[in-house]
There are 2 protein chains.
Amino acid sequence: MTRKKVKLEWITNDNARRVSLKKRRLGLSKKMNELSTLCGVNACAIIYGPNEIELTVWPSHDVVQQQLTHFQSLSELE
Amino acid sequence: MTRKKVKLEWITNDNARRVSLKKRRLGLSKKMNELSTLCGVNACAIIYGPNEIELTVWPSHDVVQQQLTHFQSLSELE
DNA sequence: AGACCTATCTTTAGACT
DNA sequence: GAGTCTAAAGATAGGTC
């Protein structure tokens with residue numbers, strides 16, 4: 001998205017894709033962090049690649065677990 | 001962050017905070033969307049405010065539910 | 001409250017190390 | 001592979017209607 005406008009589609013080049021994932025994950029974390037502090041909300045994210053090894057949670061495994069439980073109890077009410 | 005550099009702290013003004021939350025949630029969704037398409041990964045997010053009415057999930061309630069289940073089954077393996 | 005605008009800040013693709 | 005750099009693309013605070 002910068003030296004060249006990027007198309008919103010799967011990056012075929014393996015290396016480029018991995019680099020992009022790494023960078024964007026970082027950027028996303030930053031944004032999540034900003035959102036939650038600036039606006040005083042709870043937020044969590046789960047990201048995982050095709051190979052289940054690349055699992056990333058934000059802000060932390062524990063918090064995610066907690067919020068999932070909360071979310072699911074809300075879901076049941078509907 | 002634009003006409004003025006914003007400090008990374010709770011926005012005290014109620015209206016400004018709500019507006020910011022709305023805008024940033026949108027921006028975040030966009031980023032999530034980009035991340036998942038560009039890099040071919042699954043991603044989901046849960047955002048909720050102090051009042052539980054403002055619950056937002058991405059990309060959809062159903063997908064989040066699905067991914068939570070997946071995540072929890074992985075967690076149990078550890 | 002909501003949509004649109006735009007100057008300015010932030011993110012990031014690509015190149016290099 | 002993992003950091004650093006940098007210009008271009010993208011996000012957004014504050015304003016207006």
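Here is how names work: the chains are called A, B, and so on, in the same order as the sequence lines, proteins then strands, and each is numbered from 1. FYI, side chains are in, hydrogens and waters are out, and symmetry mates aren't considered; it's all heavy atoms of this structure.
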Base of D:dA8 paired with side chain of A:T2 (donor-acceptor, under 3.5 Å):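 Pair found.
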
What is the separation between atom [atom1] on [X] and atom [atom2] on [N], rounded to the nearest whole Å?
| X | N | atom1 | atom2 | value |
| --- | --- | --- | --- | --- |
| A:L28 | D:dG10 | CG | P | 17 Å |
| B:K7 | C:dC9 | NZ | P | 16 Å |
| A:I11 | C:dG14 | CD1 | P | 8 Å |
| B:R25 | D:dA11 | CZ | P | 17 Å |
| B:E34 | C:dA13 | CD | C1' | 12 Å |
| A:L21 | C:dG14 | CG | P | 15 Å |
| B:K30 | D:dA11 | NZ | P | 4 Å |
| A:L8 | C:dA13 | CG | P | 12 Å |

Say you draw a straight line from [atom1] of [X] to [atom2] of [Y]; how long is it, rounded to the nearest 0.5 Å?
| X | Y | atom1 | atom2 | answer |
| --- | --- | --- | --- | --- |
| A:L35 | B:I47 | CG | CD1 | 5.0 Å |
| B:E34 | B:K30 | CD | NZ | 7.0 Å |
| A:C44 | A:Q67 | SG | CD | 4.5 Å |
| A:L68 | A:Q66 | CG | CD | 10.0 Å |
| B:L21 | B:I11 | CG | CD1 | 9.0 Å |
| B:Y48 | A:N42 | OH | CG | 5.0 Å |

4.5 Å side-chain heavy-atom contact, B:I46 and A:I46: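 Not touching, per the 4.5 Å side-chain cut-off.
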
Counterpart base for D:dA2, defined by Watson-Crick or G-U wobble contacts under 3.5 Å: C:dT17

Short side-chain N/O contact from B:K31 to OP1 or OP2 of C:dT12, under 4.0 Å: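 B:K31 to C:dT12 OP1/OP2: side-chain N or O found under 4.0 Å.
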
Phosphate-side-chain proximity, B:R24 and D:dA11, N/O vs OP1/OP2 below 4.0 Å: no

Just the atom pairs and distances: protein N or O near nucleotides 3-5 of chain D's N or O, under 3.5 Å.
| unit_1 | atom_1 | unit_2 | atom_2 | d |
| --- | --- | --- | --- | --- |
| D:dG3 | OP2 | A:K22 | NZ | 3.4 |

